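Values below: all heavy atoms of this structure, side chains included; hydrogens, waters and symmetry mates excluded. Keep in mind that what you see is a predicted model, and the values were worked out from it rather than measured.
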Amino acid sequence: MQILDDGWDSRATLVDDVWLERTPRRPEVAPRLLLETRLLPWLAEQLPLPVPQPEVVWSAPLRIRHRLLAGHRSASLTQQQAHVLGRFLRVLHGVEVAQAVRAGVPPPRAAVREQTRTRARFAAEVLPRLPPREREIGAALLGRTAQRAPSVSLVHGDLGPAHVLSEYGELTGVIDWSDAH
């Protein structure tokens, strides 16, 4: 076993060079990991890039496991990779929301409530720790995100370079779906 202990929400361990095992770092993360076990097997067949298909291997304490996807985190994308990722996003955002909710994603109203709570927590806990200039920028950003209309599309929720995998110039998968909504 090799501990890959760099996740914010979960601890990841490589098992037998084949399996990635994840456990929640905090109790409130467990339902989000369980969401992945319901959502991703349903979603995987629809997407043009591989995604993990985790299963519960232990319920108390929670431990989920999926086959390790090939590749490494992508620091930057080539034009071809950007087109592939664009196709992936077009398909993801075109998924029927009602079916995604049946697969375990929180309904849109619950997602909006969670985003509101997250913004309030950020304003209370993060903004005060920033230097004054960055605090102003952060407050303005929070204000702009609060004014956005809620989305009616399924979204990854944390898509960035750390969650897009590539190998030999090809995109090989999208990981860490615990923020999907």
Side-chain angles (χ1 to χ4, degrees), residues 1-15 17-25 29 32-33 35-36 39-54 64-95 100 105 111 114-115 118-119 121-122 126-127 129-131 133-181:
M1 276 209 267
Q2 176 187 359
I3 296 174
L4 310 173
D5 207 23
D6 64 348
W8 175 257
D9 288 331
S10 61
R11 288 182 182 89
T13 305
L14 183 60
V15 178
D17 293 325
V18 176
W19 302 101
L20 186 72
E21 231 172 61
R22 294 169 60 211
T23 57
R25 289 188 179 271
V29 175
R32 303 303 296 175
L33 290 179
L35 158 72
E36 290 186 23
L39 174 65
L40 294 177
W42 168 77
L43 192 57
E45 63 192 38
Q46 301 174 62
L47 297 173
L49 286 172
V51 297
Q53 295 188 46
I64 66 169
R65 179 186 282 189
H66 62 81
R67 285 197 167 276
L68 183 66
L69 294 180
H72 57 276
R73 294 172 177 188
S74 301
S76 62
L77 298 178
T78 65
Q79 186 174 3
Q80 173 63 24
Q81 291 170 329
H83 284 290
V84 171
L85 187 59
R87 258 192 328 274
F88 170 87
L89 290 171
R90 190 170 41 248
V91 172
L92 175 65
H93 296 164
V95 167
V105 171
E114 178 61 29
Q115 290 168 359
T118 298
R119 278 192 299 275
R121 183 175 174 206
F122 187 89
V126 177
L127 285 182
R129 296 178 179 178
L130 297 175
R133 176 70 180 128
E134 284 79 10
R135 195 175 311 140
E136 291 174 24
I137 294 168
L141 178 61
L142 281 178
R144 284 194 307 274
T145 62
Q147 295 169 8
R148 266 189 14 194
S151 175
V152 292
S153 299
L154 177 62
V155 296
H156 180 277
D158 191 16
L159 189 63
H163 299 142
V164 178
L165 303 178
S166 66
E167 188 172 58
Y168 305 114
E170 301 291 326
L171 295 186
T172 58
V174 177
I175 60 170
D176 194 351
W177 288 78
S178 60
D179 291 319
H181 60 277

Within a strict 4.5 Å, meaning less than it, do heavy atoms of the Asp179 and Asp9 side chains meet? yes
Would you name the heavy atoms of Gln53 and Leu40 that are closest together and state the gap between them? CG-O, 4.3 Å
Can we say Asp176 and Arg73 salt-bridge, meaning some charged N sits less than 4.0 Å from an Asp/Glu carboxylate O? no
Quick one: are Leu171 and Leu77 in side-chain contact, heavy atoms under 4.5 Å? yes
Tell me yes or no: between the side chains of His66 and Glu36, is some donor less than 3.5 Å from an acceptor? no
Kindly indicate whether the side chain of Leu69, heavy atoms from C-beta on, has any atom under 4.5 Å from the side chain of Thr172. no
Side-chain contact test, heavy atoms from C-beta onward, threshold under 4.5 Å: evaluate it for Leu35 versus Val105 and give yes or no. yes
Do you know which of Thr23, Ile64, Leu33 makes side-chain contact (heavy atoms from CB on, under 4.5 Å) with Ser10? Leu33
The single option from Leu43, Leu159, Val174 that satisfies side-chain contact (heavy atoms from CB on, under 4.5 Å) with Leu92 is Leu43
With a 4.5 Å heavy-atom cut-off, do His72 and Ser166 have their side chains touching? yes
If you take all heavy atoms of Ser74 and Pro161, which pair is closest and at what distance? O-CB, 3.0 Å
Report yes if the side chains of Thr118 and Glu114 come closer than 4.5 Å at any heavy-atom pair, otherwise no. yes
Closest approach of Gln81 to Ser76 (non-hydrogen atoms, all atoms of both residues): OE1-O, 3.9 Å
